[in-house]
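Bear in mind that the values here come from a model prediction, so they are computed numbers and not experimental data. Counting begins at 1 with the first residue of the sequence.
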Amino acid sequence: MNKKSLLTGLGIGAVLGAGSFLLHDKFCKKKCEYFPFFGEGTEKDIDSSKITVQLTKNPKKKKEDPNEYGFGKYMSDHMLEIDYIDKKFTVPRIVPFHDFPVHPATSVIHYGITAFEGMKAYKDSEGKIRLFRPMKNMKRFLKSARRLCLPDFNPEELLKCIEKLVMIEKDWVPEKKGFAAYIRPIIMGTDQFLGLKPASKYKIFVIISPVGSYYSDGMKGIRLFAQNEYLRSWVGGTGGNKLGGNYAPTLLPTLKGFEKECKSVLFLDKEGKVTEAGAMNCMVIWENENNERELITPSLEDNTILPGITRDSILKLAKESGQFDKVTEGDITINQLVKAHNENRLFEIFGCGTAAIVSPVLGFKYEGKTYDFAKDGKLGEFTLYLYDTILSIQHGEIEHQWSHLIEEQD
């Protein structure tokens, strides 16, 4: 790579933003004299055995009724911090929750060099703390970081640090079934530089927020606003990664959906193919045109769809249930949904993700017409089965390899 080519690429990249760094994962493995940290690796990885703990002297008061927490409004007493400087990770540290002083030229502010995860801690009937398939989150977190040309980290060591934080904050995990402590790992570039380049300094931090039941007033179905004026993702983009920059652009179409009395958006691509339902993966249960009862969800092949942990769990449960002739990862078009609705072959649609597990859909609006398929607003039987089953696994009521018990720590 010559200097002129590199500078030209950076100029284009400055327009396109952080997602333009990586044309292919292998690029970050190559040596480059202008970005000397490419390919040199990390000299000192995360070491959970050396974690330090500083406990707060001013613990916050917890809510007696966990429903008062809502979602994302309250934070626990402590947080985890790990910095990456000079190709080395600092000693992981658990410290009292605090604000960050931010330099105005910090790269995360200008170019969105940030990725995150969403996971939960649950308390079982014996008061033990459980996570749900946490290594899936850690591996996805690493994949997202690589998309932004951030140096590799050991996901197993990071998980051990998170477990330590969760156990220190175990009193912030509500005891009731359906309640949890939401865990938010974040990675962000912290270079103080206005030019667009992969970060040479960054910070991993993890915060915890106790959350009430997603369905505190009972599970209710929603209507989706199907549209492709605003795209959530596209082939060659970053839809398959959990990057901060993927989410803010969805706010405008969501507001337009509110104007049409729809609670969320069914995102379509320019060919009319279904991508996601709001910030959730989308699942459809129908009788396909071969007269087969099928559960179908968009494929992950072109990296436009986020590889959701709940999505993966549902596909496995659906295959094990014996209720379907086919369980498919493939294309779904809006025209197919309309046709299936008109022929009474459309049975259930639901979104799925960490926050809600499942979000049942009653119908959708498309090109000025409303297509409701849930009779008398009744929620789908398989949707309800999935919610009850996954929730029971998460709280340890059903023994399952997906429920990860955190051992008591010194």
Side-chain angles (χ1 to χ4, degrees), residues 67 70-71 177-180 211-227 232 250-251 253-268 274-288 293-298 305-306 308 310-311 313-315 317-318 321 323-324 327 332-392 394:
N67 267 315
F71 184 87
K177 185 178 179 180
F179 296 76
V211 293
S213 172
Y214 193 87
Y215 296 112
S216 57
D217 296 326
M219 186 181 291
K220 297 181 176 67
I222 63 172
R223 187 177 288 119
L224 300 176
F225 170 47
Q227 60 83 47
R232 181 203 167 271
T250 68
L251 297 176
T254 300
L255 289 176
K256 288 184 175 291
F258 288 168
E259 294 172 358
K260 299 179 185 298
E261 298 182 339
C262 294
K263 291 291 182 67
S264 192
V265 178
L266 185 62
F267 285 99
L268 312 173
V274 171
T275 57
E276 295 199 344
M280 308 177 82
N281 294 126
C282 184
M283 300 267 179
V284 174
I285 298 174
W286 60 12
E287 181 181 300
N288 64 27
R293 181 174 171 84
E294 180 180 36
L295 182 146
I296 184 169
T297 190
I305 306 298
L306 187 71
T310 308
R311 173 191 182 276
S313 305
I314 287 172
L315 289 174
L317 290 173
S321 72
Q323 296 191 33
F324 301 97
V327 176
I332 314 165
T333 69
I334 188 64
N335 289 337
Q336 286 177 314
L337 289 180
V338 169
K339 188 171 187 288
H341 169 272
N342 292 340
E343 296 175 357
N344 296 315
R345 296 186 288 107
L346 183 57
F347 306 133
E348 299 181 41
I349 298 177
F350 57 90
C352 59
T354 298
I357 303 179
V358 293
S359 179
V361 175
L362 302 178
F364 58 91
K365 287 188 176 183
Y366 178 62
E367 293 186 338
K369 295 183 180 179
T370 299
Y371 301 89
D372 289 339
F373 52 86
K375 296 179 180 179
D376 301 320
K378 186 178 180 181
L379 304 182
E381 290 183 5
F382 195 71
T383 303
L384 295 173
Y385 161 78
L386 289 170
Y387 178 76
D388 290 338
T389 301
I390 293 176
L391 190 66
S392 294
Q394 289 171 339

Point-to-point distance, once rounded to the nearest 0.5 Å, from [atom1] of [X] to [atom2] of [Y]:
X	Y	atom1	atom2	value
Lys339	Ile334	NZ	CD1	14.5 Å
Leu317	Ile390	CG	CD1	5.5 Å
Leu379	Leu384	CG	CG	5.5 Å
Asn288	Ile296	CG	CD1	8.0 Å
Ile357	Tyr215	CD1	OH	8.5 Å

Identify, with sequence neighbours excluded, every residue that meets salt bridge (charged side-chain N to carboxylate O under 4.0 Å, His left out) alongside Glu287.
-> none

What side chain to side chain donor-acceptor pair (under 3.5 Å) pairs are there with at least one residue in residues 275-284, not counting sequence neighbours?
-> Arg232-Glu276, Glu276-Asn281

Quick one: which residue pairs count as a side chain to side chain donor-acceptor pair (under 3.5 Å) with a foot in residues 347-356, not counting sequence neighbours?
-> Glu348-Thr383

Taking the side chain as every heavy atom from C-beta outward, state whether [X] and [Y] have any atom pair closer than 4.5 Å.
X	Y	answer
Arg293	Ile285	yes
His341	Leu337	no
Val358	Met219	yes
Phe324	Glu294	no
Trp286	Ile332	yes

For Tyr385, which residues count as a ring pair (Phe, Tyr, Trp, His ring centres under 6.0 Å) partner, sequence neighbours excluded?
-> Phe382

Residues passing the ring pair (Phe, Tyr, Trp, His ring centres under 6.0 Å) test with Phe364, sequence neighbours excluded, are Tyr371

Do you know which two heavy atoms are closest between [X] and [Y], and how far apart they sit?
X	Y	value
Ser213	Asn67	N-OD1, 3.8 Å
Met280	Gly353	CE-N, 3.5 Å
Leu315	Val327	CD2-CG1, 3.8 Å
Phe225	Gly257	CD2-CA, 3.6 Å
Thr310	Cys352	CG2-CB, 4.0 Å

Which pairs pass salt bridge (charged side-chain N to carboxylate O under 4.0 Å, His left out) with one or both residues in residues 349-372, sequence neighbours excluded?
-> Arg223-Asp372

Could you check Val274 against Leu268 for side-chain contact (heavy atoms from CB on, under 4.5 Å), going step by step and ending with a plain yes or no?
-> CA-CA 5 Å; Val274 171; Leu268 312 173; 3.9 Å; yes

Show your working on side-chain contact (heavy atoms from CB on, under 4.5 Å) between Gln227 and Phe267 and close with a plain yes or no.
-> CA-CA 6 Å; Gln227 60 83 47; Phe267 285 99; 3.4 Å; yes

Under 6.0 Å from the CD atom of Glu381, do we count more than 12 heavy atoms belonging to anything else shown?
-> no

Please say whether more than 12 non-hydrogen atoms of neighbouring residues, nucleotides or ligands are located less than 6.0 Å from NZ in Lys177.
-> yes

Given side-chain contact (heavy atoms from CB on, under 4.5 Å), test Ser359 with Phe350 step by step and report yes or no.
-> CA-CA 5 Å; Ser359 179; Phe350 57 90; 5.9 Å; no

Picking from Val284, Leu266, Ile349, what satisfies side chain to side chain contact (heavy atoms under 4.5 Å, CB included) with Val361?
-> Ile349

Tell me, with the steps shown, if Leu224 and Ser264 meet side-chain contact (heavy atoms from CB on, under 4.5 Å).
-> CA-CA 5 Å; Leu224 300 176; Ser264 192; 3.7 Å; yes

